[in-house]
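Okay, so here's the structure we're looking at.
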4 protein chains.
Amino acid sequence: VALGDRIKLGDYVLLYLDLERRWLAQVGEGSFHTHVGVVALEALEGLEYGSPIYTSLGRRLWVLKPTVEDFVMKSERRTQIVYPKDGGLILVKAGLGPGDRVLEIGTGSGALTTIMANVVRPDGHIYTYEVRREFLEMARRNIARLGLEPYVTFHLSDAKAGVEERDVDLCVVDIGDPWEVVGVVRKALKGGGVFVGVTPTVNQLERLVEALRSAGFVAIESVELLARKLEARAGRTRPATRMIGHTAYLTFARSTLEEE
Amino acid sequence: VALGDRIKLGDYVLLYLDLERRWLAQVGEGSFHTHVGVVALEALEGLEYGSPIYTSLGRRLWVLKPTVEDFVMKSERRTQIVYPKDGGLILVKAGLGPGDRVLEIGTGSGALTTIMANVVRPDGHIYTYEVRREFLEMARRNIARLGLEPYVTFHLSDAKAGVEERDVDLCVVDIGDPWEVVGVVRKALKGGGVFVGVTPTVNQLERLVEALRSAGFVAIESVELLARKLEARAGRTRPATRMIGHTAYLTFARSTLEEE
Amino acid sequence: VALGDRIKLGDYVLLYLDLERRWLAQVGEGSFHTHVGVVALEALEGLEYGSPIYTSLGRRLWVLKPTVEDFVMKSERRTQIVYPKDGGLILVKAGLGPGDRVLEIGTGSGALTTIMANVVRPDGHIYTYEVRREFLEMARRNIARLGLEPYVTFHLSDAKAGVEERDVDLCVVDIGDPWEVVGVVRKALKGGGVFVGVTPTVNQLERLVEALRSAGFVAIESVELLARKLEARAGRTRPATRMIGHTAYLTFARSTLEEE
Amino acid sequence: VALGDRIKLGDYVLLYLDLERRWLAQVGEGSFHTHVGVVALEALEGLEYGSPIYTSLGRRLWVLKPTVEDFVMKSERRTQIVYPKDGGLILVKAGLGPGDRVLEIGTGSGALTTIMANVVRPDGHIYTYEVRREFLEMARRNIARLGLEPYVTFHLSDAKAGVEERDVDLCVVDIGDPWEVVGVVRKALKGGGVFVGVTPTVNQLERLVEALRSAGFVAIESVELLARKLEARAGRTRPATRMIGHTAYLTFARSTLEEE
């Protein structure tokens with residue numbers, strides 16, 4: 001077995017008991033309390049990722065490096081977040097990668113900001129707009145836990161009044177009235193740039209698509225992803241009884257240059 | 001409207017008529033034939049992305065920069081490819097980003113290789129294993145179109161006999177008998193590294209999960225994604241009549257370090 | 001093996017080769033042509049259901065008694081029909097059974113009429129309204145093939161102008177503007193009677209639900225059913241690649257008696 | 001508004017507050033307690049269905065006639081029941097109607113027995129086999145509430161040892177090892193009769209389908225239904241966040257007569 005990375009002071013780690021019981025903890029002073037016992041947070045320093053650690057009650061936890069999904073699903077939040085399944089489709093359909101510049105309108109809790117910042121770094125950047133100060137601060141805290149702040153500019157500002165950025169590769173809009181910023185987005189995007197709208201209701205979806213059509217966007221596609229878990233056990237494999245039935249509709253489009 | 005990037009000789013462009021009719025073409029000599037007329041490929045040079053171009057029959061096409069999805073869906077293929085929805089979930093659940101090192105077992109047509117190479121560049125790398133020479137060559141051609149070859153090492157080799165790489169962050173397995181490489185993967189992964197299995201049948205899924213459990217992997221989760229398109233039109237919005245019902249099951253797991 | 005029923009002259013039978021190739025044929029003079037050969041229709045008389053018959057090219061077909069689903073899926077149609085999955089849910093949620101009286105607004109091709117007539121017979125009845133003569137005639141022909149005409153009254157009439165029936169147990173509405181008949185339905189239904197609306201678009205669904213709420217209906221629930229086929233084969237079981245992504249939304253509600 | 005049926009002593013009624021709070025109660029002596037107040041059960045006698053009734057706390061409840069779905073979803077149960085969506089598909093795919101004779105193997109809580117008995121009455125019949133006495137008694141109680149006992153014969157017996165019935169139209173099997181009764185079923189079914197298997201796991205599904213193929217059944221199809229609720233509100237319509245991800249797979253097949 002390969003040696004994993006060593007855990008350092010200040011690192012966030014995932015303490016894993018089972019799929020329903022896993023916790024995000026920061027290595028440092030103090031102790032972390034779970035209902036299966038206490039873990040001394042200093043004891044984690046110097047461990048390799050993938051190691052077991054035992055609680056005060058003798059229960060074994062696995063110490064894992066949190067993935068982007070772990071951070072997002074364990075983030076502080078007051079809004080509906082963009083889920084990993086939806087964030088992943090955005091990454092691939094937009095072809096997002098290192099060096100890309102992204103305009104995000106509607107920071108929310110910063111879940112999608114996190115997912116995108118992780119792949120555009122170190123030379124790309126996310127410019128994110130949010131009108132509610134407490135959300136922007138929460139998103140900033142969430143993103144700081146992954147060390148991704150250098151790649152994100154937070155604007156406490158209403159994008160409907162315009163944005164500073166130009167020639168961005170991708171613009172993602174996750175606000176209640178996304179049709180209101182279609183014009184702003186069009187000016188900010190590169191020719192042929194990718195637009196993504198995240199809308200929980202069908203009415204928002206419909207109105208957004210109509211606005212995109214009117215503004216000359218092309219390749220407009222709306223999609224929803226349903227994720228279903230499978231419970232695999234020898235001879236008794238079946239889908240999980242419960243699932244999430246809806247998160248949001250995603251609308252993708254490409255901008256065009258106006259014809260004379 | 002912002003000025004888009006200028007198109008250069010040798011670039012691949014997407015010629016877009018509508019959602020069902022879009023073509024990938026390389027800028028250079030010769031002409032590109034469609035049933036709505038011919039486009040002179042040299043005429044594309046120097047255009048900005050997002051511009052219109054007119055075919056010999058006077059039909060307007062939009063000239064777009066292909067996204068990773070466009071390349072993947074238009075790739076040469078002889079195998080079932082990993083779809084954007086599935087590739088995207090892998091990116092986010094594994095937290096893949098610049099600098100990561102990935103072991104891929106089962107290159108196939110290189111769709112997932114492409115999706116991953118695009119986000120680990122320039123310092124990360126994909127090491128991909130395939131036993132069928134014609135598939136490996138096809139994948140190489142597909143990946144070359146995006147200019148991602150520098151970030152991929154192609155092994156014409158059976159990973160069951162072992163792999164060279166150690167301390168990789170992620171291992172993705174997309175072969176018919178993924179349980180056969182669980183031991184190999186375990187040695188190659190960092191402590192706590194992420195495993196992903198891509199399996200079309202439930203039987204493969206079940207056997208893989210059992211093998212992962214036996215080998216000490218934890219946080220084992222299997223999931224399937226259903227993507228449904230929406231047809232949005234003012235006052236007549238509805239889901240599309242036809243959809244893809246199944247691509248593959250995805251299984252995620254984390255490696256652990258053995259206890260003494 | 002039990003003896004099946006004997007086939008009589010005039011019976012409709014299902015000639016079954018495989019899941020994609022099955023035909024509905026009527027026993028009588030003449031011959032039935034398929035691409036795997038010809039079947040003499042007289043030769044079917046007196047056979048037991050479940051028997052094999054051989055075509056002129058020596059291919060074996062199985063002679064089966066058509067189910068309601070077989071009739072519906074093989075019916076003459078010019079409209080989107082109500083699918084078995086949706087018809088079945090209507091039967092159970094409405095608790096439809098022998099003796100019930102049903103008002104149907106929007107006969108269409110008669111698929112749902114057929115499904116319902118089959119369970120309310122012999123003492124119940126379906127009263128169905130359709131404004132397009134050619135649809136009503138088509139529905140009548142479809143229903144006659146199952147011998148269910150005695151249980152259906154066909155009205156070539158616009159239900160928006162009112163219906164004759166009162167005290168019906170269930171009312172099913174499958175027209176483009178179902179909200180327009182909510183008042184008519186309310187008068188026709190028994191106290192507490194069941195309303196079902198079948199709507200392909202979300203906009204129709206929304207407007208219908210608002211109209212039902214305004215008219216004092218309660219227990220309003222909207223649902224969609226997704227049917228996915230499984231391909232079961234030892235060691236290679238998986239969902240089918242293609243599926244129907246959408247047929248219609250179903251809205252269920254209960255009428256109430258007005259309070260003084 | 002039409003006059004609803006009058007409620008009689010001994011009737012079961014549905015007391016409806018909202019979608020999450022509805023109760024099944026029997027009209028008679030005593031009172032029915034809810035967290036929104038008490039209802040005197042005698043006061044219900046003579047009311048029309050669809051009427052309001054007020055609790056001791058002044059909350060209005062609607063008095064509705066329970067549908068088959070209401071009875072099934074409110075039934076006493078210790079097993080996973082067959083859901084209305086699944087029961088409905090069985091009714092339509094089997095074409096079940098008045099007069100049909102059904103063999104059911106695995107009574108469970110009697111949900112499907114109820115759904116089927118309601119449509120085969122008064123001349124048809126359900127013959128149901130169950131090996132666990134307490135389940136059979138529970139199913140009997142559940143079915144008695146709808147007054148459907150005359151149409152059901154309960155066998156406390158293991159169908160694997162054989163069944164008395166012959167020439168049945170439909171056989172439904174809902175036991176853990178359905179492949180074990182394929183031979184028994186084949187003998188009991190009419191030629192061309194319909195087989196339905198209800199299986200929660202993929203492994204059961206696969207093994208059942210293989211057994212059906214070996215036994216000469218044809219038109220074998222397996223399907224799963226996903227039901228998703230829609231929340232319709234003017235301008236804010238969207239699918240419900242939570243849904244049931246899996247109940248059971250349904251397998252349909254037709255029996256054939258053996259060839260000499």
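This structure is a prediction, so every number in the text was calculated from the model and none was measured. Each chain gets a letter, A, B and so on, in the order the sequences are listed, and its residues count up from 1. Only heavy atoms go into these numbers, but all of them, side chains included; no hydrogens, no water, no symmetry mates.
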CG on A/L226 to NZ on B/K85, rounded to 0.5 Å: 10.5 Å
statement: Honestly, the part of A/R22 sitting under 4.5 Å from a heavy atom of chain B is side chain
Proximal component of A/D70, with respect to chain B [non-hydrogen, under 4.5 Å]: side chain
- prompt: Taking all atoms of both residues into account, what is the closest heavy-atom pair of B/E221 and A/L19, and its distance?
  reply: CG-CD2, 3.4 Å
task: Please state whether the side chain, the backbone, both or neither of B/R233 comes within less than 4.5 Å of a heavy atom of chain A.
output: both
- prompt: Does any heavy atom of chain A fall under 4.5 Å from the side chain of B/L225, the backbone, both, or neither of them?
  reply: both
query: Highest number of heavy-atom pairs under 4.5 Å with chain A: which of B/D123, B/L230, B/V209, B/I90?
result: B/L230
statement: In short, A/P84 meets B/L89 closest at the heavy-atom pair C-CD1, 4.0 Å
query: With only heavy atoms counted, which part of A/Y249 is less than 4.5 Å from chain B, the side chain, the backbone, both or neither?
result: side chain
message: Within a 6.0 Å radius of atom NZ on A/K74, are there more than 12 heavy atoms belonging to other residues, nucleotides or ligands?
response: yes
field: Largest heavy-atom contact set with chain A, pairs under 4.5 Å, which of B/G95, B/P239, B/G193
entry: B/G95
- request: For each of B/E231, B/R121, B/K229, tally heavy-atom pairs with chain A at distances under 4.5 Å, and name the one with the top tally.
  value: B/R121
message: Under 4.5 Å from any heavy atom of chain B, what part of A/L208 do you find: side chain, backbone, both or neither?
response: neither
field: Exercise: identify the closest heavy-atom pair between B/L64 and A/G192
entry: CD2-CA, 3.9 Å
query: What heavy-atom pair brings B/E210 and A/A234 nearest, and what distance separates the two atoms?
result: OE2-N, 2.8 Å
message: Given heavy-atom pairs under 4.5 angstrom as the criterion, report whether the side chain, backbone, both or neither of A/V63 touches chain B.
response: neither
- prompt: Is the shortest heavy-atom distance from the side chain of B/K65 to the side chain of A/R254 under 4.5 Å?
  reply: yes
task: Could you pull out the closest heavy-atom pair between A/E206 and B/A232, with the gap in Å?
output: CA-CB, 4.3 Å
statement: Counting heavy-atom pairs under 4.5 angstrom with chain A, the leader among B/L91, B/I115, B/V218 is B/V218
field: Contact origin within A/V119 toward chain B - heavy atom pairs under 4.5 Å
entry: both
- prompt: Side chain, backbone, both or neither: which part of A/A94 has a non-hydrogen atom closer than 4.5 Å to chain B?
  reply: backbone
Residue A/E224 versus chain B: region with a heavy atom under 4.5 Å: both
- prompt: Is the CZ atom of B/R21 crowded by more than 12 outside heavy atoms at less than 6.0 Å?
  reply: yes
Taking every non-hydrogen atom, the tightest pair across B/L257 and A/S51: CD1-OG, 3.5 Å
query: Out of curiosity, B/N118 CG to A/D100 CG, how far, rounded to the nearest 0.5 Å?
result: 7.5 Å
query: Where does A/I220 contact chain B at under 4.5 Å (heavy atoms): side chain, backbone, both or neither?
result: backbone
Part of B/V194 within contact of chain A (heavy atom distance under 4.5 Å): side chain
- prompt: In terms of heavy-atom proximity below 4.5 Å to chain A, should B/L96 be classed as side chain, backbone, both, or neither?
  reply: backbone
task: Identify which part of A/S255 has an atom lying under 4.5 Å from any heavy atom of chain B, answering side chain, backbone, both or neither.
output: backbone
